Chemist: 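The structure that follows is given in the form of structure tokens.
Throughout, a chain's letter reflects where its sequence line sits, starting with A, and its residues are numbered from 1. Source: prediction; values computed, not measured.
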Number of protein chains: 2
Amino acid sequence: MPVTIRDVARKLNLSVTTVSRALDGYDDVAEETRQRVIAAALEMEYVPNRAARQLRRQRADTIGYVLPAHEPRFADPFFSEFVAGLGDEAGSSNVDLLISTASPNEEEEQLVYQRWVHGHKVDGFVLNHMRLRDWRVIYLDRKEVPFVSLERTLDPVEYACIEVDGFGAVRELVLRLVEMGHRRIAFVCGPPHLVIQADRYAGYRDGLRSAGIMPTLELIAESDLTHQGGYHAAQQLLSISDPPSAILCINDLTAFGVYQAVRERGLQPNRDICIAGFDGLEITRWSHPELITIDQPVYDIARQLVKMLLMSLNESDKPYSRVMIKPKIMMPGCC
Amino acid sequence: MPVTIRDVARKLNLSVTTVSRALDGYDDVAEETRQRVIAAALEMEYVPNRAARQLRRQRADTIGYVLPAHEPRFADPFFSEFVAGLGDEAGSSNVDLLISTASPNEEEEQLVYQRWVHGHKVDGFVLNHMRLRDWRVIYLDRKEVPFVSLERTLDPVEYACIEVDGFGAVRELVLRLVEMGHRRIAFVCGPPHLVIQADRYAGYRDGLRSAGIMPTLELIAESDLTHQGGYHAAQQLLSISDPPSAILCINDLTAFGVYQAVRERGLQPNRDICIAGFDGLEITRWSHPELITIDQPVYDIARQLVKMLLMSLNESDKPYSRVMIKPKIMMPGCC
DNA sequence: TTAATGAGCCAAAACGTTTTGGAGAAATAC
DNA sequence: GTATTTCTCCAAAACGTTTTGGCTCATTAA
């Protein structure tokens with residue numbers, strides 16, 4: 001039923017080849033012919049069949065992203081901003097964005113990646129939520145599938161990525177807090193194998209050290225990047241004999257969990273106790289009192305990642321770029 | 001480089017046909033042969049090339065969803081829950097989910113839909129954010145492309161959809177508020193052409209009428225479903241001579257904007273003035289005081305929509321199902 | 001005048017599947 | 001003993017592109 005390139009060719013009394021080459025901008029077709037072809041294609045509403053093109057060209061004009069969905073009802077707005085960025089940039093570059101969700105464990109992830117790689121569904125991947133050692137990096141490198149990532153793993157592989165200087169930002173935030181008189185500063189960790197955890201936690205420790213404060217284990221709580229996790233971590237931190245006067249969190253979501261725990265104790269965030277997150281989500285600006293956070297431009301990072309990926313798809317000989325971004329500390333009120 | 005069906009066939013001294021049919025479960029291949037084929041395929045890590053399959057079968061095993069992204073930095077968590085639902089259900093049904101963003105205007109949307117329809121990128125669509133009259137419904141119906149939607153338009157077309165009884169829920173919430181003594185109840189509208197706006201607004205008016213209260217124009221404010229919009233709407237509502245004692249909002253995001261405006265006036269939400277949203281987003285549960293909202297199971301709705309779409313893809317003769325969902329009023333504290 | 005170049009076009013071969021319409025052998029029916 | 005059915009398997013034709021390697025005709029160079 002749909003109109004094919006053959007229909008266009010027939011109508012113009014041209015060969016399929018010529019129509020194809022005219023539309024693709026080859027210079028071995030007369031300018032006048034090209035115009036006729038373009039006009040006819042437009043008029044007949046001809047759109048090339050993607051499957052056929054992909055089969056022949058051996059590429060999909062599609063990039064893939066696997067959303068790490070921990071729970072059924074997952075809701076970290078970080079990812080909606082990230083996906084929006086991917087989608088917008090992909091759209092304006094005329095490639096498609098294929099999305100799947102997988103809980104962040106190796107088996108479930110592998111299923112998706114393998115399906116897409118082997119089935120040639122995508123030309124490359126955008127990675128996220130990196131582990132210090134990440135099988136995806138090894139796997140994609142071995143399969144020679146291009147990819148880019150947010151945050152860099154320790155794997156001995158060359159690839160393009162964007163890094164956010166969590167170390168520096170957290171370190172500086174700690175120093176600022178110390179300046180304001182805080183001595184008991186707690187940290188709510190994420191899962192230990194995550195790059196962001198290692199990075200931000202190191203910043204925390206280095207900040208304390210530079211300020212001449214000994215880090216103490218009772219001010220460190222584990223969490224899982226969720227609101228729930230932050231809530232439980234805060235309960236633990238608040239129940240010790242000499243509770244912290246400030247709590248730094250691995251991300252904004254966790255910080256909101258801390259907010260809730262703090263309030264349940266009858267304390268007011270950022271007056272009685274200082275709370276900070278990391279991400280700079282839009283919703284932090286709606287919180288009251290406004291959450292202190294370290295703002296990374298998630299949307300722009302996502303767009304930039306797509307650009308980098310497309311670049312390495314087109315010119316595979318280019319050296320891998322490594323971009324470092326300095327996030328911005330947002331302290332709307334003070335403690 | 002990647003292993004094709006031909007490689008598998010060669011290795012087993014079978015024809016390509018037999019391998020294909022063995023893997024697809026046809027019964028004209030001996031059980032013993034089938035087992036050998038499956039084993040070999042597994043061992044050789046054979047995955048069918050999707051483009052080839054799609055070209056031959058004339059379908060994509062992919063469904064499409066176009067995210068309405070109003071602004072560059074879009075962040076309605078409604079959509080992350082929705083996308084997560086789509087992704088999960090698609091994944092477990094072994095079809096892929098293609099995503100694009102487009103600001104909700106006809107030209108930009110058309111580009112994407114046309115590209116996917118004509119290019120055979122997707123077998124069907126999930127629609128969302130419906131206008132009362134929606135060109136997408138007309139267009140897809142005309143092109144005979146299957147689709148399902150959340151909310152039903154007025155277009156004279158038969159299609160499967162899920163409806164949420166916003167009318168009934170808002171109506172009941174109004175009645176409850178009146179029971180609690182509220183007489184000046186405001187409503188923050190969304191864009192007038194949206195189905196949810198017409199539906200929820202009608203519920204608001206009907207609730208007031210049933211309670212014997214005359215709706216008044218000064219208690220109606222326009223907005224655009226964003227935080228910003230809610231903020232401005234609330235500023236307007238709070239500056240009139242006899243301001244409302246309760247503000248109902250078209251959605252949660254808007255309600256958070258109202259929160260902020262209320263606080264800037266030195267008032268405390270849900271003590272001095274009652275505020276309610278609609279959606280039941282997870283973040284409402286972290287707000288303080290917790291936002292009153294009307295909870296619709298966004299994640300489950302999304303999954304259900306995918307199921308319905310796949311059903312109508314496989315059995316195109318089935319009658320279109322129309323599901324009605326009753327959302328739940330969440331009033332954690334009281335005013 | 002012939003040879004070489006270039007401009008514009010095209011036939012046919014891929015790409016990797018699925019499907020169609022049998023074929024051959026064995027089993028069953030007559 | 002032949003005819004029919006059943007069970008396995010397969011060759012070849014699609015699906016709609018892009019690409020390869022020409023071919024023809026006109027123009028320019030020798």
Side-chain angles (χ1 to χ4, degrees), chain A residues 1-38 40-41 44-62 94 96 115-123, chain B residues 1-38 40-41 44-62 94 96 115-123:
Chain A
M1 203 73 243
V3 31
T4 78
I5 199 174
R6 224 179 299 271
D7 299 325
V8 180
R10 192 152 32 221
K11 167 150 183 182
L12 294 172
N13 276 325
L14 283 173
S15 78
V16 175
T17 310
T18 304
V19 174
S20 173
R21 297 182 76 85
L23 292 174
D24 264 14
Y26 283 75
D27 62 357
D28 65 349
V29 26
E31 194 48 38
E32 189 243 329
T33 313
R34 185 196 312 290
Q35 293 310 330
R36 272 172 56 224
V37 170
I38 290 176
M44 302 173 73
E45 293 196 318
Y46 166 70
V47 177
N49 180 309
R50 296 289 285 249
R53 162 174 291 179
Q54 169 179 351
L55 177 58
R56 176 61 230 217
R57 283 208 182 141
Q58 299 288 66
R59 65 183 153 105
D61 287 331
T62 303
N94 225 34
D96 290 318
R115 192 150 57 98
W116 287 358
V117 168
H118 281 104
H120 287 275
K121 285 288 285 192
V122 302
D123 301 322
Chain B
M1 203 76 243
V3 31
T4 79
I5 199 174
R6 226 179 298 269
D7 299 324
V8 180
R10 192 152 32 220
K11 168 150 184 182
L12 293 172
N13 276 325
L14 282 173
S15 77
V16 175
T17 309
T18 305
V19 173
S20 173
R21 298 184 74 85
L23 291 175
D24 264 15
Y26 283 75
D27 62 355
D28 65 350
V29 26
E31 194 49 38
E32 189 242 329
T33 313
R34 185 197 312 289
Q35 293 310 329
R36 274 173 53 225
V37 170
I38 290 175
M44 303 174 71
E45 294 195 316
Y46 165 69
V47 177
N49 180 309
R50 297 291 283 250
R53 162 174 291 178
Q54 170 180 349
L55 178 58
R56 176 61 231 215
R57 282 206 181 142
Q58 300 287 64
R59 66 183 153 107
D61 286 332
T62 303
N94 224 34
D96 290 318
R115 193 150 56 99
W116 287 358
V117 168
H118 280 104
H120 288 275
K121 286 287 285 190
V122 302
D123 301 322

Chemist: Between D27(B) and R56(B), which is nearer to the 5' end of DNA chain D once each is assigned its nearest nucleotide?
Modeler: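 Its nucleotide being nearer the 5' end, the pick is D27(B).
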Chemist: Would the distance check show the side chain of R115(A) and the main-chain N or O of V47(B) forming a donor-acceptor pair, the cut-off being under 3.5 Å?
Modeler: no
Chemist: Pick the closest DNA chain D nucleotide for R57(B) and for N13(B) by heavy atoms, then say which residue is nearer the 5' end.
Modeler: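 This one resolves to N13(B).
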Chemist: Do other residues, nucleotides or ligands put more than 12 heavy atoms under 6.0 Å from D28(B) CG?
Modeler: yes
Chemist: Of R53(B) and D28(B), whose closest DNA chain C nucleotide lies nearer the 5' terminus?
Modeler: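 Checking each residue's closest nucleotide, the 5'-ward one belongs to R53(B).
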Chemist: At 4.0 Å (heavy atoms only), tell me whether R50(B) reaches a base, stays on the sugar-phosphate, or touches nothing.
Modeler: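 It contacts nothing in the nucleic acid.
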Chemist: Tell me the interatomic distance from L14(B), atom CG, to dC7(D), atom P, rounded to whole angstroms.
Modeler: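 Rounded to whole Å, this separation is 19 Å.
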Chemist: Classify the nucleic acid contact of R21(B) as base, sugar-phosphate or nothing, counting any heavy atom under 4.0 Å across all strands shown.
Modeler: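 Counting heavy atoms under 4.0 Å across all strands, the contact made by R21(B) includes a base.
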Chemist: Considering only heavy atoms of chain B and a distance under 4.0 Å, specify the first and last nucleotide of DNA chain C in 5' to 3' order that meet this criterion.
Modeler: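 Contacts span dG16(C) to dT20(C), reading 5' to 3'.
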Chemist: Do NZ/NE/NH1/NH2 and the carboxylate oxygens of R21(A) and D24(A) come within less than 4.0 Å?
Modeler: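 The answer is no: the pair does not qualify as a salt bridge.
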Chemist: dC9(D), OP1 or OP2 - any side-chain N/O from T18(B) closer than 4.0 Å?
Modeler: no
Chemist: Which pair of non-hydrogen atoms, one from Y46(B) and one from V3(B), has the smallest distance, and what is that distance?
Modeler: CD1-O, 3.4 Å
Chemist: Establish, with yes or no, whether the OP1 or OP2 oxygen of dC9(D) is under 4.0 angstrom from a side-chain nitrogen or oxygen of T17(B).
Modeler: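 Looking at the OP1 and OP2 atoms of dC9(D), neither is under 4.0 Å from any side-chain N or O of T17(B).
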Chemist: Do L12(B) and V37(B) come within less than 4.5 Å of each other through their side chains, counting heavy atoms only?
Modeler: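 In contact.
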Chemist: Is the backbone of Y26(B) close enough, under 3.5 Å, to the side chain of R34(B) for a donor and an acceptor to pair up by distance?
Modeler: yes
Chemist: Describe the nucleic acid contact of Q58(B) in one word from base, sugar-phosphate, nothing, applying a heavy-atom distance below 4.0 Å.
Modeler: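 It contacts sugar-phosphate atoms only.
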